[in-house]
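Structure first, then comments.
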Amino acid sequence: MANPRILNKVLESKIMPVEEVVGMIPNGATLGMSGFTGAGYPKALPVALAKRALDEKLRGKPFRVRVLTGASTGPEQDTVMSMTEAQSFRFPYQGDAAAREKINNGVIEYQDMHLSHVGSLVRYGYYGKIDFAVIEVTKINADGSLIYSSSVGGNNVYLEHAEKIILEVNSWQDERLEGMHDNFSVEPKHGERVPIPIMRTDDRVGSPYQKIDLSKVVAIIETNDPDRNAAFKAPEDVHKKIAGHILDFLDGEVKAGRLPKSLTPLQSGVGNIANAVLVGLNEGHFENMTSYTEVIQDGMLDLLDSGKLRVASATAFSVSPEGQIRFNKNIDRYRKQIILRPQEISNHPEVIRRLGCIAMNGFVEADIYGHVNSTHIAGKGIENGIGGSGDFARNSAYTIFMSPATAKDGKISAIVPFATHIDHTEHDVHGIVTEYGFADLRMRSPKEKAKEVIEKCAAPEYRPLLWDYMKRAMKNPSAGVHSPHMFSEAFGFHTNYLATGDMRKKPGK
Ligand code: 0RQ
């Protein structure tokens with residue numbers, strides 16, 4: 001029986017079982033896949049690639065491919081393709097435990113990249129020839145144009161740039177997603193770009209449909225599989241306190257006349273803390289807000305439901321299974337309030353700067369001078385990646401980073417003398433928040449920032465240790481005066497942790 005989601009006759013004739021399609025992919029191929037958070041990623045071909053990698057391994061033949069995506073994906077892609085070592089190279093973001101382990105063990109090469117830069121880098125050929133674009137869609141129109149599914153991410157770039165196209169038409173995705181996407185590509189060449197005409201969060205500048213070169217399509221795979229996003233934890237006390245400090249800060253900015261009562265467009269990062277801040281905003285008194293962000297998570301749906309948020313622009317959904325049910329139930333209303341754009345537009349510096357966004361993202365560690373590490377544990381192993389945090393941090397009107405003050409039962413302080421990896425420099429960071437308070441770093445010199453960060457954000461048991469370092473550095477002639485640092489001790493917290501399992505305990509003590 002004909003698939004009502006595939007209305008183009010030429011493309012309909014290309015429907016094939018996934019077992020046949022996987023044979024088209026040569027060892028070493030580069031694939032540009034859809035997918036952003038656990039949304040809109042291909043569900044069938046990655047699993048078939050993983051099986052093939054195992055089969056070939058048994059026969060003593062290598063089979064590995066290079067995988068570029070929008071951002072993180074779901075278990076059918078990152079988990080299985082990492083466990084089977086089917087992916088040899090991964091770009092530009094991941095958030096998967098199996099992928100993380102293989103990356104940190106050197107089995108997968110990973111390049112972590114600002115998400116707004118992906119399009120330009122791919123178009124300029126830095127990743128070589130893209131052999132196949134593998135893109136999940138909700139529907140194919142009679143003219144062959146595509147209706148994307150629950151994410152847009154880098155789809156436009158991979159479809160434009162790849163030699164061949166494989167489409168997965170997923171009947172699980174709600175057909176009423178039609179109309180939510182706003183497809184608009186940045187001019188490929190540097191120097192020939194024109195302004196992106198987004199003046200307000202809800203401006204639509206492109207088309208709900210994606211046109212493609214139909215002659216490049218080599219296969220269509222039919223699927224009926226759910227997106228898989230993890231459920232959010234209910235906000236804990238620590239998260240609620242962090243949210244409270246942020247709300248107080250924003251209140252102060254409204255009172256000072258620097259922000260309107262509806263705030264400026266919100267960008268909220270991934271994870272439980274970011275979601276808790278959205279929950280806090282829903283309980284607070286700001287009204288008529290908008291959001292120019294990357295992902296729509298449950299907290300964003302709450303804000304849309306309560307009417308406090310008028311409109312949200314993003315590139316993907318990252319809703320829990322419960323959130324998904326709510327989304328499908330109210331999709332006709334959400335369609336008027338939510339716009340999904342390519343990640344090069346959702347994260348575009350020009351638009352973020354024009355709108356004056358309020359960026360709120362999680363961090364792994366921050367140092368006393370306000371440098372932020374979002375990505376690396378003890379400066380060596382990757383956690384997830386920078387994602388869009390850099391795009392928003394550099395260009396927003398307000399750049400706030402948030403985290404609990406400690407990790408691993410207090411054995412790790414998130415506030416350290418010197419961050420072991422720096423994703424966001426002191427020049428980008430306006431505020432650092434933990435459950436203990438909000439360090440306002442605007443209008444402060446490095447030494448003034450250090451006082452603010454230690455007093456407002458560090459856990460009480462770490463404050464004396466941080467002051468001890470800071471005071472000795474200030475007296476030490478070789479530590480310098482502007483941003484005093486003693487290189488022999490700057491990573492003392494980390495070397496303690498590696499030696500004793502606790503940043504507070506020196507080896508042998
Ligand atoms: O580990 O899962 O084993 O318990 O890191 O930490 O506290 O649950 O916080 O889920 O909000 O994630 C920075 C990772 C925070 C995230 C990060 C361990 C901790 C725990 C997670 P367990 P929490 P969150 C752009 C937004 C970069 C990308 C970004 C992130 C786990 O926010 O990936 O900003 N950000 N994208 O125990 C050792 C430390 C640690 C530590 C935390 N100092 N040392 N382990 N952990 N700090 C826009 C988008 O919308 C995508």
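A quick note: this is a predicted structure, and the numbers were derived from the prediction, not measured. We count residues from 1, following the sequence as given. Atoms within each ligand, like the ligands themselves, are counted from 1 in listed order.
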Within a distance of under 4.0 Å, is there any protein heavy atom near [atom]?
| atom | result |
| --- | --- |
| atom 12 (O) of ligand 1 | no |
| atom 3 (O) of ligand 1 | yes |
| atom 6 (O) of ligand 1 | no |
| atom 17 (C) of ligand 1 | no |

**Asked** Taking only residues two or more places apart in sequence or in another chain, which ones pass ring-ring contact (aromatic ring centres under 6.0 Å, His included) with H430?
**Response**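 Listed in chain order: nothing, the list is empty.
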
So does [X] pair up with [Y], basic N to acidic O under 4.0 Å?
| X | Y | answer |
| --- | --- | --- |
| R90 | E109 | no |
| K240 | E236 | no |
| R442 | E452 | no |
| D468 | R472 | yes |
| E253 | R258 | yes |

Which of the numbered atoms in ligand 1 are below 4.0 angstrom from a heavy atom of [X]?
| X | result |
| --- | --- |
| I386 | 28 (C), 29 (C) |
| G388 | 25 (C) |
| K408 | 1 (O), 3 (O), 4 (O), 22 (P), 37 (O) |
| F363 | 13 (C) |
| I412 | 38 (C), 39 (C), 43 (N), 44 (N) |

In the protein, which heavy atom is nearest to [atom], and how far is it?
| atom | answer |
| --- | --- |
| atom 8 (O) of ligand 1 | N272 ND2, 4.6 Å |
| atom 49 (C) of ligand 1 | E294 OE1, 2.9 Å |
| atom 9 (O) of ligand 1 | I273 CD1, 4.0 Å |
| atom 36 (N) of ligand 1 | V270 CG2, 3.8 Å |
| atom 26 (C) of ligand 1 | N361 OD1, 3.3 Å |
| atom 35 (N) of ligand 1 | S374 O, 3.8 Å |
| atom 46 (N) of ligand 1 | A407 CB, 4.2 Å |
| atom 21 (C) of ligand 1 | E383 OE2, 4.3 Å |

**Asked** What are the two closest non-hydrogen atoms of V152 and H181, and how far apart are they?
**Response**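 Between these two residues, the closest heavy atoms are CG2-CD2, 3.7 Å.
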
**From K43, Q87, R228, residue fulfilling side chain to side chain donor-acceptor pair (under 3.5 Å) relative to Q77** =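 The residue from K43, Q87, R228 that satisfies side chain to side chain donor-acceptor pair (under 3.5 Å) with Q77 turns out to be Q87.
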
Parallel, tilted or perpendicular: ring planes of [X] versus [Y], cut at 30 and 60 degrees:
| X | Y | answer |
| --- | --- | --- |
| H485 | Y369 | perpendicular |
| Y126 | Y124 | parallel |
| F327 | Y334 | parallel |
| Y292 | F392 | tilted |

**Asked** Mind checking whether N384 has an N or O less than 3.5 Å away from an N or O of ligand 1?
**Response**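 Yes, at least one N or O pair falls under 3.5 Å.
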
If the contact criterion is a heavy-atom separation under 4.0 Å, does [X] count as touching ligand 1?
| X | result |
| --- | --- |
| V364 | yes |
| S268 | yes |
| Y93 | yes |

Closest to [atom] among [options] (heavy-atom distance):
| atom | options | result |
| --- | --- | --- |
| atom 45 (N) of ligand 1 | V295, T315, I377, V238 | I377 |
| atom 48 (C) of ligand 1 | Q267, M360, Q297 | Q267 |
| atom 27 (C) of ligand 1 | S389, G362, G385, G387 | G385 |

**Summary of salt bridge (charged side-chain N to carboxylate O under 4.0 Å, His left out) pairs that have at least one residue in residues 404-422, sequence neighbours excluded** =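 Sorted pair list comes back empty.
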
**Asked** Do the side chain of D367 and the main chain of G370 share a donor and acceptor less than 3.5 angstrom apart?
**Response**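 Answer holds: yes.
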
